[in-house]
Amino acid sequence: MDYRVGVIGGGQLARMMIPAAVNLGLDLRVLAENEGSSAALAASEVGDYLDRDTVLAFADTVDVVTFDHEHVPQPILRALVEAGHAVHPGPDALLYAQDKILMREKLEQLGVPVPIWSAVSDADELASFIADNGGHAVVKTPRGGYDGKGVRVVTHADEVADWFLALAEDGNGGALLAEERVDFSRELAQMVARRPSGDMQLWPVVESIQRDGVCAEVIAPAPRSAGRVADVAADIATSIAEGLGVTGVFAVELFETTDERLLVNELAMRPHNTGHWSIDGSTTSQFEQHLRAVLDLPLGATGCRDTWSVMVNVLGGPAEGSLADRYAAAFADQPTVKFHNYGKAPRPGRKVGHVTAGGDDLDQVVFEARAAAAFFQN
């Protein structure tokens, strides 16, 4: 039979599913937000994912619906299920990726370690939380934030007065998420794939290096992670996958604290930036695995092709010209490095591509990846 997979969202994650779909002979169709999206090669339709009729009509053309992002509203997700469509991940799982307060509540119910947190609905509640947690708080808008957006580290409640004002004007009685400022030594991520039938595969835990709230580099596997760190990260991710009923590929972002605990920072119920290394560095890429998982097909092996893989994001891109203008020099200088172009116009801070290097010497692999990415900056 021919499998038809529908992806809602035309960003770079949908784009990177295309080669995997081609290799597997799948019919990949994308509902893109606009013309000229990253995933334009597979965009069978351009439409608004906030419009119920548009999404339902798109779903009628495929066998399974999955996502490039987590922003499709719950009423539309549930309408898809009620209409008999296969949706992976489903609305009951996506709920916890869409609302950070609900996510914190659920993870605590599952016994998963998280930072100290509180839902705060006004400045007085936030001031009290700050006083109880060392004079600082990390405040997050519960919905919609990504890549450092919707996150502020504060010492006074008035630093998020505009967010409280927006809550008051909304009139729905919402709250902000306040968390302790975690004393962490590094950030890790555990990627997992789970089929609807329950089978799972985990990649090695990786280390992610953030700059200005954006993932800049990923090292796979995370240095000094063999043994306890890898085991704990895997146990946490497995508990979440089973407890939330997640299907498809998803990421658990973690803090490793200075006293050697692992705490869950964020969840992403889709392929994730910290898994991009797997395209070139793993037996099965996260994008092929996601397609297998949502179709409930046997999952692929997740071992590393090299001792080390290093992924470096290209952020912003060249100030003049296109990424392709830099190919000749970059490819000649770093012939073993793989480059992935997201088909996006350069813009400060924007993820426009990534490079991946692999090898046996970590210092050399880091150098090669950084050197290759540098050709596409400024």
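Note that the structure is a prediction, hence the values are computed from the model and not measured.
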Exercise for the section: Kindly work out whether a path of hydrophobic side-chain contacts (I/L/V/M/F/W/Y, heavy atoms less than 4.5 Å apart) joins Val65 to Val55. Expected result: yes
Problem - Single-linkage hydrophobic cluster, 4.5 Å side-chain cutoff, Val62 and Leu24 together - result: no
Practice task
May I ask you to decide whether Arg143 forms a salt bridge with Glu70, counting only side-chain N to carboxylate O separations under 4.0 Å?
Solution key: no
Problem - Carboxylate-amine/guanidinium proximity below 4.0 Å for Arg292 and Glu288 - result: yes
Within this structure, what is the [atom1]-[atom2] distance for the pair [X] and [Y], rounded to the nearest 0.5 Å?
X      : Y      : atom1 : atom2 : answer
Glu256 : Phe184 : CD    : CZ    : 11.0 Å
Gln286 : Trp277 : CD    : CH2   : 9.5 Å
Phe250 : Arg194 : CZ    : CZ    : 9.0 Å
Ser282 : Arg305 : OG    : CZ    : 7.0 Å
Lys140 : Lys100 : NZ    : NZ    : 6.5 Å
Arg261 : Asp183 : CZ    : CG    : 9.0 Å

Practice task
List the steps, then state whether salt bridge (Lys or Arg N to Asp or Glu O under 4.0 Å) holds for Arg152 with Glu159.
Solution key: CA-CA 8 Å; Arg152 294 179 189 171; Glu159 294 176 70; over 6 Å; no
Taking the side chain from [X] and the backbone from [Y], do they hold a donor-acceptor pair closer than 3.5 Å?
X      : Y      : answer
Thr66  : His88  : yes
Asp158 : Ala161 : no
Arg350 : Ala345 : yes
Thr61  : Phe58  : yes

Residue pair [X] / [Y], side-chain donor-acceptor N/O under 3.5 Å:
X      : Y      : answer
His85  : Asp60  : yes
Gln289 : Gln201 : no
Glu368 : Gln364 : yes

Handout entry: Working for side-chain contact (heavy atoms from CB on, under 4.5 Å), residues Val151 and Val138
Key = CA-CA 7 Å; Val151 179; Val138 179; 3.8 Å; yes
Practice task
Could you check Arg29 against Glu45 for salt bridge (Lys or Arg N to Asp or Glu O under 4.0 Å), going step by step and ending with a plain yes or no?
Solution key: CA-CA 8 Å; Arg29 304 181 185 186; Glu45 186 175 341; over 6 Å; no
Considering all heavy atoms, the nearest [X]-[Y] contact:
X      : Y      : result
Thr307 : Asp360 : OG1-OD1, 2.8 Å
Gly349 : Leu315 : O-CD2, 4.2 Å
Ser121 : Phe164 : C-CE2, 3.6 Å
Asn273 : Val218 : O-CG2, 4.4 Å
Pro318 : Leu323 : CD-CD2, 3.5 Å
Ile130 : Ala137 : CG1-CB, 3.7 Å

Exercise for the section: Show your working on ring pair (Phe, Tyr, Trp, His ring centres under 6.0 Å) between Phe339 and Phe376 and close with a plain yes or no. Expected result: CA-CA 10 Å; Phe339 178 69; Phe376 303 96; 4.3 Å; yes
Handout entry: Gln12: which of His276, Lys351, His354, Lys344 passes side chain to side chain donor-acceptor pair (under 3.5 Å)
Key = Lys344
Fill in the blank from the handout: Residue set satisfying salt bridge (charged side-chain N to carboxylate O under 4.0 Å, His left out) with Asp199, at least two apart, ordered chain then number -> Arg195
Practice task
Would you indicate whether the side-chain heavy atoms of Ile240 and Val112 approach each other to under 4.5 Å?
Solution key: yes
Practice task
Compare all side-chain heavy atoms of Cys304 with those of Pro221 and state whether any distance is below 4.5 angstrom.
Solution key: yes
Practice task
May I have the step-by-step check of side-chain hydrogen bond (donor to acceptor under 3.5 Å, both in side chains) for Glu35 and Ser37, ending in yes or no?
Solution key: CA-CA 6 Å; Glu35 299 285 352; Ser37 67; over 6 Å; no
Problem - Evaluation steps, side-chain contact (heavy atoms from CB on, under 4.5 Å), between Val365 and Asp306 - result: CA-CA 10 Å; Val365 175; Asp306 294 295; over 6 Å; no
Problem - Check against side-chain contact (heavy atoms from CB on, under 4.5 Å), Leu56 and Leu80 - result: CA-CA 6 Å; Leu56 285 171; Leu80 286 169; 3.7 Å; yes
